[in-house]
Amino acid sequence: MPEPMDKAYDPQQIEKQTYDYWMAQGVFEAEVNPAKAPYCIVIPPPNVTGVLHMGHALDETIQDLLIRWHRMCGDEALWIPGTDHAGIATQNVMEKRLAEEDLTRHDLGREEFTARVWKLKDEHHARIKEQLQRFGASVDWRRERFTLDEGLSRAVREAFVTLYEQGLIYRGARMINWCPRCQTGLSDLEVEHENRTGHLWYIRYPSPDGGPGLVVATTRPETMLGDTAVAVAPNDPRYAHLVGKTVLLPLQEREIPVVADEWVDPAFGTGAVKVTPAHDPNDAEIGERHHLPALVVIALDGRMTAEAGAAYEGMDRYEARAEVVAALEERGLLEKIEPHEHAVGQCQRCSTIVEPLVSTQWFVKMAPLAEEGLAAVADGRIKFVPSRWEKIYRDWLENIQDWCISRQLWWGHEIPVWYCPDCGEQICTREDPTVCPKCAGSRLERDPDVLDTWFSSGLWPISTLGWPEETPELQYFYPTSCLVTGYDIIYFWVARMIMMGLHLRHEVPFRTVFIHGLVRDETGRKMSKSLGNAVDPLLLIDEYGADALRFALLQLITHGQDLTYTPDRLVGARNFCNKLWNASRFVMMNLEDAAPDCPCGELDLADRWILSRHQRALQTVNEELGRYNLAQAADALYEYVWGEFCDWYVEIAKIALYGEDVARKQTVQTLLRQLLSEILATLHPLTPFITEAIWQRLAPEGGSLARQSYPQVDPTQISTEAEDLMAEAQVFIGAIRTLRSDLGMSPQTRVEVSLLAGSEEQRLRLLAQETIIRSLAGVANLHVLDLDEVAPPGTLGRVAAGARVLLHVGDAVDIEKEVARLVKRAQELEGKISGSRRKLDNADFVSRAPAAVIEGERVRLVDAEADLVRLQEQIQAMESLR
RNA sequence: GGGCGGGUAGCUCAGUUGGUUAGAGCGCAUGCUUUACACGCAUGAUGUCACAGGUUCGAAUCCUGUUCCGCCCACCA
């Protein structure tokens with residue numbers, strides 16, 4: 001039951017009970033419904049590594065806006081919630097916690113470790129769910145999913161086996177990115193490159209016969225222990241004599257060949273490259289071309305192997321670097337050291353510098369999948385908003401590398417492959433095998449690895465709808481309508497969903513990808529926990545309310561640009577909510593005679609004006625939402641509700657509401673109710689809580705606002721004529737207010753105004769505007785006069801279309817008092833009023849201060865001598881008229 | 001090395017296909033306890049539209065170059 005409205009909007013009380021009401025009414029629930037068009041969004045599942053941050057708040061706000069809008073537009077709108085197990089990230093969080101107890105995951109064992117992660121998941125999941133509810137997310141909670149739950153695991157299994165059977169998933173030993181700390185392979189995307197200033201070491205590799213040999217330049221001297229060749233550019237005159245010969249690898253005292261390879265850039269360094277096929281991707285390729293052996297000198301833990309030599313075995317790779325450099329220097333083989341900037345790859349999750357090394361892993365062959373993904377965007381089946389992201393997407397897919405999907409972790413989907421130790425068979429099936437199909441051996445061993453977390457995320461749109469089952473939901477809601485996410489996961493997630501959806505379900509996963517920017521702090525830095533600049537959205541909701549947070553974020557959205565969070569915006573949005581609350585309060589306080597169904601009586605200028613402006617606002621909002629210009633839609637509503645409905649129409653409505661004319665009063669009440677209802681509905685997808693709360697008070701019998709139909713434009717109510725007339729009245733009112741303000745009049749002071757029409761047409765217009773001007777500009781008496789009535793034609797100058805205003809204060813007694821005040825004030829503001837620097841005296845002021853001229857859209861206080869004379873004449877003329 | 005985005009008021013940003021005097025919010029100044037709202041009302045001040053050329057009757061907007069900032073991609077040791 002709605003309570004009476006407080007003077008200030010208090011979101012705290014209202015939001016919780018409103019969300020409970022929605023849940024109780026089941027307004028977010030969507031069903032397969034052939035009578036309606038489906039509209040579906042799958043949430044980008046938040047990681048269970050932690051709680052939601054401002055980026056999520058933005059992402060959820062956009063999705064909720066779209067979902068609520070479409071729901072009100074009559075679509076069967078389904079928003080599927082869920083969370084992501086976030087493999088490596090979550091495992092790292094758990095490992096950090098264990099480290100605080102001085103434990104590693106190996107102390108617990110796989111089973112106990114994953115049991116603990118599940119508990120961690122439960123904690124975070126509960127928190128995330130609560131946060132989503134506090135954001136007002138209108139998700140269908142009955143359909144919530146988690147990437148590791150049973151159904152989704154079945155989807156992962158089906159996808160893996162299918163791709164395996166099609167030869168698109170394979171196992172092989174290849175150069176991959178290895179994180180020595182996480183102890184797992186990584187995909188290329190999980191390696192973050194950072195430019196660092198390191199060194200370029202110049203090392204001499206002498207000839208075996210004691211000749212000078214050559215000098216190589218390297219950024220990683222420790223890898224020289226695993227060198228198996230030196231490469232030079234073909235036809236490099238400096239080295240032609242050495243190609244085919246050998247040089248002596250220092251420290252290891254091993255002879256290695258000098259080979260010629262196209263890859264070598266003769267201009268870089270010395271033009272001679274040491275080749276370490278086991279520890280550098282380029283070297284691996286050179287090694288392959290020249291059939292060079294690959295010596296593994298760095299082990300998976302980042303320490304040197306026995307192969308590196310007894311002196312280095314077991315040493316950390318960076319320790320070994322220092323030792324190698326020292327040993328070379330001692331032997332006089334270190335020619336020079338130069339500072340050198342180069343990109344260093346580090347683990348996305350723990351920032352450890354990754355080690356490229358050869359390892360046996362599972363891969364997805366991407367080229368065929370990428371081809372499908374490229375076609376879908378090229379032919380418009382999928383559209384990116386803003387479209388420039390399509391190029392980014394395309395560039396990546398066109399140069400795509402195979403995807404390493406196996407991870408040496410414990411938290412994730414286990415790879416559905418078994419090995420038979422008896423015959424070496426590799427078994428990948430939909431059902432867990434018990435015996436080897438080839439040799440019937442029963443000692444099968446499951447692959448210990450799990451899948452890259454993005455493998456399951458890539459299936460999200462199909463798996464949440466029930467795939468691989470061909471469920472009614474999948475048939476009805478797939479392809480989903482819009483995917484909303486930040487540009488930072490276009491490669492990781494968006495591209496992979498597109499490829500997986502196309503390949504496995506033979507249809508795009510969504511038709512539109514709405515890409516938004518990242519939330520940055522006031523100084524422009526990315527918000528992150530580690531930088532300590534992250535703002536907890538829940539705290540903001542506590543302080544300002546969820547609607548204010550949502551509205552502020554929507555206003556901040558720019559077209560795919562990052563957005564800067566500033567508390568100012570939030571205050572503004574909070575104030576806007578309060579404004580809406582109070583305007584609604586006012587309307588409801590004055591509705592006693594309103595007949596909701598009664599057709600309006602005769603409409604006056606202001607009525608026709610606000611109806612017209614109302615339609616314009618609806619038009620803008622509907623159009624801008626359709627173009628995903630969410631900030632423009634929000635701004636249009638802000639401007640209309642505050643700047644037009646509240647500032648003008650509500651003020652004008654008071655004339656009728658406090659007046660004697662009952663019919664007029666009813667008309668205005670009815671209009672106010674209608675307009676407010678539609679304002680609430682229009683605003684609802686942006687600020688759902690406050691609009692629902694007011695709606696329940698305004699129309700308690702009408703059910704949830706979330707299920708009302710979205711206001712559409714009625715073009716018949718648009719009146720350019722009313723808009724023009726009103727705009728003109730607003731100019732007059734503004735001019736009179738400006739004068740009053742410049743003259744320091746108190747609001748109580750009523751002024752006498754004569755509006756001099758320059759033409760008969762103008763006179764008629766002024767008559768239509770008269771009531772409004774009097775009421776809103778504090779005018780006691782407004783005389784609408786013909787030019788000829790005050791002065792002979794010509795005296796006032798050539799007043800074509802515009803009206804001229806003479807403004808003077810109250811009656812005679814008041815004038816004296818007022819003038820004394822005004823003079824004092826004018827002296828304070830000396831020179832400020834009209835730009836005149838001349839000190840004003842009494843006489844001057846009386847004659848000039850209360851007079852002004854409106855010309856077109858400008859008002860000026862008259863100060864030219866000639867004008868003064870004319871005005872004095874006019875004032876006299878007017879006074880004689882009174 | 002390649003690509004993308006941006007530089008507009010003190011701050012955060014709008015500015016659609018070129019078009020009179022470049023806008024908003026916040027902040028600032030002044031005045032208001034006006035019976036919805038001080039989370040309010042009214043009024044006001046503030047710009048070398050990064051820089052330099054060019055196209056045009058007319059450029060914040062289109063073209064060229066320069067510069068600064070941010071981001072993405074990339075195996076030059």
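All values reported here derive from a predicted model rather than from experimental measurement. Per chain, numbering begins at 1; letters A, B, ... match sequence-line order.
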Participant: When all nucleic acid strands are considered with a 4.0 Å heavy-atom cut-off, which category describes A:R220: base, sugar-phosphate, or nothing?
Facilitator: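 The answer is nothing, as A:R220 stays clear of every strand by at least 4.0 Å.
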
Participant: Measuring only the P atom in each nucleotide, how far is B:U12 from B:G27? A whole number of Å is fine.
Facilitator: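 Those two atoms are separated by 15 Å.
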
Participant: In whole Å, measure the gap between the C1' atoms of B:G19 and B:U61 for me.
Facilitator: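 Comparing C1' positions in B:G19 and B:U61 gives a spacing of 11 Å.
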
Participant: Report which part of the nucleic acid A:W642 touches: base, sugar-phosphate, or nothing (heavy-atom distance under 4.0 Å, all strands).
Facilitator: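 Since only primed, P, OP1 and OP2 atoms lie under 4.0 Å of A:W642, the category is sugar-phosphate.
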
Participant: Under 4.0 Å between a side-chain nitrogen and a carboxylate oxygen: does that hold for A:E355 and A:R220?
Facilitator: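 So A:E355 pairs with A:R220 through a salt bridge.
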
Participant: With a 3.5 Å cut-off and heavy atoms only, can you find an N or O donor on one side and an acceptor on the other between the side chain of A:D568 and the base of B:C26?
Facilitator: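 No.
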
Participant: Using a 3.5 Å cut-off and no angle test, enumerate the donor-acceptor pairs between side-chain atoms of residues 265-275 of chain A and protein atoms at least two apart in sequence or in another chain.
Facilitator:
from: A:D265; atom 1: OD1; to: A:A267; atom 2: N; distance (Å): 2.9
from: A:T270; atom 1: OG1; to: A:V215; atom 2: O; distance (Å): 2.4
from: A:T270; atom 1: OG1; to: A:A272; atom 2: N; distance (Å): 3.3
from: A:K274; atom 1: NZ; to: A:T223; atom 2: OG1; distance (Å): 2.7
from: A:K274; atom 1: NZ; to: A:D227; atom 2: OD1; distance (Å): 3.0
from: A:K274; atom 1: NZ; to: A:T276; atom 2: OG1; distance (Å): 2.9

Participant: Is the cationic atom of A:R496 (NZ for Lys, CZ for Arg) positioned less than 6.0 Å from the six-membered ring centroid of A:W403 and within 45 degrees of its normal?
Facilitator: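 Verdict for A:W403: a cation-pi partner in A:R496.
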
Participant: Please tell me which of the listed nucleotides, B:C39, B:A36, B:G15, lies nearest to the side chain of A:Q632?
Facilitator: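 Between B:C39, B:A36, B:G15, the one nearest the side chain of A:Q632 would be B:G15.
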
Participant: Does a side-chain N or O of A:T564 approach OP1 or OP2 of B:C13 to a distance below 4.0 Å, or not?
Facilitator: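 Affirmative; the distance criterion is met.
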
Participant: Compare side-chain N and O positions of A:H340 against OP1 and OP2 of B:C76 and report whether any pair is under 4.0 Å apart.
Facilitator: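 So the side-chain polar atoms of A:H340 never come under 4.0 Å of the phosphate oxygens OP1 or OP2 of B:C76.
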
Participant: Quick one: stems for RNA chain B, with Watson-Crick or G-U pairs under 3.5 Å, at least three in a row?
Facilitator: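 The stems that RNA chain B takes part in, listed by first number, are B:1-7 with B:67-73, B:10-13 with B:23-26, B:28-32 with B:40-44, B:50-54 with B:62-66.
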
Participant: Base, sugar-phosphate, or nothing: which does A:N399 touch, judged by heavy atoms less than 4.0 Å apart?
Facilitator: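 It contacts nothing in the nucleic acid.
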
Participant: Please state the C1' separation for the pair B:G2 and B:G47 - nearest whole angstrom.
Facilitator: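 37 Å, rounded to whole Å.
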
Participant: Counting side-chain heavy atoms from CB outward, which of B:U12, B:A36, B:G25 is closest to A:N582?
Facilitator: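 Between B:U12, B:A36, B:G25, the one nearest the side chain of A:N582 would be B:A36.
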
Participant: Need one value for A:K7: base, sugar-phosphate or nothing, where a base atom within 4.0 Å counts as base even if backbone is also close, heavy atoms only.
Facilitator: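 The residue A:K7 makes sugar-phosphate contact but no base contact.
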
Participant: Considering just the side-chain nitrogens and oxygens of A:K654, establish if one lies under 4.0 Å of OP1 or OP2 belonging to B:U34.
Facilitator: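 A:K654 to B:U34 OP1/OP2: no side-chain N or O under 4.0 Å.
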
Participant: I want to check one thing: is the phosphate of B:C41, taken as OP1 and OP2, less than 4.0 Å away from some side-chain N or O of A:W648?
Facilitator: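 Looking at the OP1 and OP2 atoms of B:C41, neither is under 4.0 Å from any side-chain N or O of A:W648.
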
Participant: Between B:A60 and B:G70, how far is it from one P atom to the other, in whole Å?
Facilitator: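 Approximately 28 Å lies between the P atom of B:A60 and that of B:G70.
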
Participant: Under a 3.5 Å distance rule, please check whether A:E190 uses its side chain to pair with a backbone N or O of A:S187 as donor and acceptor.
Facilitator: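 Here the side-chain-to-backbone pair exists.
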
Participant: Ignoring hydrogens and angles, tell me if any N or O in the side chain of A:E644 forms a donor-acceptor pair with the backbone of A:Y649 under 3.5 Å.
Facilitator: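 Pair absent, no side-chain N/O of A:E644 close to backbone of A:Y649.
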
Participant: Hey, can you pull the residues of residues 570-577 of chain A with a non-hydrogen atom under 4.0 angstrom from RNA chain B?
Facilitator: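 Nucleic-acid contacts, sorted: A:R574, A:N575.
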
Participant: Give a yes or no on whether A:E335 atom CD has more than 12 heavy-atom contacts from other residues, nucleotides or ligands under 6.0 Å away.
Facilitator: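 Result for CD/A:E335: enclosed.
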
Participant: Using a cut-off of less than 4.0 Å, is there contact between a side-chain N or O of A:Y658 and OP1 or OP2 of B:A36?
Facilitator: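 Answer is yes, contact under 4.0 Å.
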
Participant: Do A:D402 side-chain atoms and A:M366 backbone N/O form a donor-acceptor pair below 3.5 Å?
Facilitator: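 Such a contact is found between A:D402 side chain and A:M366 backbone.
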
Participant: With a 6.0 Å cut-off on ring centres, are A:F384 and A:W389 close enough?
Facilitator: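 No, too far apart.
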
Participant: Of the candidate nucleotides B:U43, B:A77, B:C37, which contains the atom at the shortest distance from the side chain of A:K579?
Facilitator: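 It is B:C37.
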
Participant: Less than 4.0 angstrom between a side-chain N/O of A:T738 and OP1 or OP2 of B:G44, yes or no?
Facilitator: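 Affirmative; the distance criterion is met.
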
Participant: Specify the separation, in whole Å, of atom CD1 of A:I557 and atom P of B:A14.
Facilitator: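 In whole Å, B:A14 P and A:I557 CD1 are 12 Å from each other.
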
